[in-house]
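Every chain is numbered from 1, with letters handed out A, B, ... down the list of sequences.
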Amino acid sequence: MCHAVPELPEVETVRGDLEARVVGRCVVRASVTGARTVRRQRPTELCAALEGRAFSAIRRKGKYLLAGLDDGAVLVVHLRMSGQLRLVPAGEHAGGTAPHTHAVLGLDDASELRFVDPRTFGELFVTSEIGPDGVPTALSGLGVDPITDGLDAARLATLLRSRHTALKAFLLDQRGVAGIGNIYADEICFAARLRPDRRTESLRPDEVSRLRDAVLDVLAAAVAHRGSTLRDERYRDLGGARGSYQDHHAVYGRAGEPCLRCATVVVGSRVAGRSAHFCPSCQS
DNA sequence: AGACAAGCCTGTACGC
DNA sequence: TGCGTACAGGCTTGTC
């Protein structure tokens, strides 16, 4: 329990940090030392595509970071379970490089953008194959991003009706709504007062409406708190700071504790093969 | 010491 | 038969 992994709010926080600090900066040197960090192309190919290029807009789709380059290509970063991007300012390189640093981009102001990833599930790639929406075609399987694309109840109702599965499985499936992971799926179900094991096809219009509001409200609140950093410290922002939304979790990691709404004991169980936390009294 | 947690992909099994 | 869903395994390692 208590395994904070970067989801949409955490990736969005890093996206904003990158936007503020690396847009306009040029990559003067790129190196990849992690054996699994770059797997869709040769690491030398990725480095060559980055060196000499400046960052333009920084975008995000679901849990993927999209760092635009001034030649139209995009550096795609997925942090997966344990990845972090850290920007180390010029003059602060003393003390060497943290363990599990798999890629380093030296920028033209002598700062360094580092990719750190103990579990090596994360990945980087550069692509020039960009769809009309500005998202790399390699990510075309992703569904709507609730923050950048918006999410209206009619669209959500259609998506829910097209699936026959547990609500939690639907929320975790990046092909429908992109960006939600295990923590926020539980928090969204609580906010919507819906059980994570409710069948998607059984949701009434008022419940779909509550779900839509919950998705947007929970994700926006988590972004406002700069994401969740739990005990494992796995998530840090670009500067190494923690998020604070973990202090606002209503159910995730709270099995056995009283529901904040009705004081019923929060249940810990498994739904769709994943740990799930919910209040058996005020979620139905 | 070993089970577990995580995201995402792949392969296979199963039900309608 | 085919399609969509379910489930298990793989990848990895810090934590309990």
Base, sugar-phosphate alone, or nothing: which one does [X] contact when heavy atoms must sit under 4.0 Å apart?
| X | value |
| --- | --- |
| A:Gly181 | sugar-phosphate |
| A:Arg270 | sugar-phosphate |
| A:Ser275 | sugar-phosphate |
| A:Thr200 | nothing |
| A:Arg199 | sugar-phosphate |

For [X] and [N], give me the distance from atom [atom1] to atom [atom2], rounded to whole Å.
| X | N | atom1 | atom2 | result |
| --- | --- | --- | --- | --- |
| A:Phe121 | B:dA5 | CZ | P | 14 Å |
| A:Arg119 | B:dC4 | CZ | P | 15 Å |
| A:Asp117 | C:dC11 | CG | C1' | 12 Å |
| A:Phe170 | C:dT5 | CZ | P | 11 Å |
| A:Arg36 | C:dT13 | CZ | P | 8 Å |

Are the side chain of A:Asn182 and the backbone N or O of A:Ser275 linked by a donor-acceptor pair below 3.5 Å?
yes
Contact list for residues 184-193 of chain A, test salt bridge (Lys or Arg N to Asp or Glu O under 4.0 Å), sequence neighbours left out
A:Lys168-A:Asp186
Do A:Leu113 and A:Leu18 touch side chain to side chain, with heavy atoms closer than 4.5 Å?
yes
A:His100 has a side chain; which of C:dG14, C:dT5, C:dC11 sits nearest to it?
C:dG14
Residue pair A:Ala166/A:Thr120 against DNA chain C: nearer the 5' end by closest nucleotide is A:Ala166
Charged tip of A:Arg198 within 45° of A:Phe170 ring normal and under 6.0 Å
no
Does a side-chain N or O of A:Thr165 approach OP1 or OP2 of C:dG4 to a distance below 4.0 Å, or not?
no
Could you give the distance from CG (A:Leu167) to SG (A:Cys189), rounded to the nearest 0.5 Å?
4.0 Å
Interface polar pairs with nucleotides 14-16 of chain B, N/O, under 3.5 angstrom:
none

Review item, nucleotides 8-12 of chain B N/O atoms under 3.5 Å of protein N/O:
from, atom 1, to, atom 2, distance (Å)
B:dC8, OP1, A:His78, NE2, 2.6
B:dC8, OP2, A:Lys63, NZ, 3.1
B:dC8, O4', A:Arg80, NH1, 3.2

Side chains of A:Arg163 and A:Thr200: do they bring a donor and an acceptor to under 3.5 Å?
no
Taking atom types as modelled, is there a side-chain donor on A:Asp70 or A:Ser56 under 3.5 Å from an acceptor on the other?
no
Among A:Glu7, A:His249, A:Glu10, which residue meets the side chain to side chain donor-acceptor pair (under 3.5 Å) test with A:Tyr184?
A:Glu10
Salt-bridge test for A:Arg59 and A:Asp133: reply yes if a basic N is under 4.0 Å from a carboxylate O, no otherwise.
no
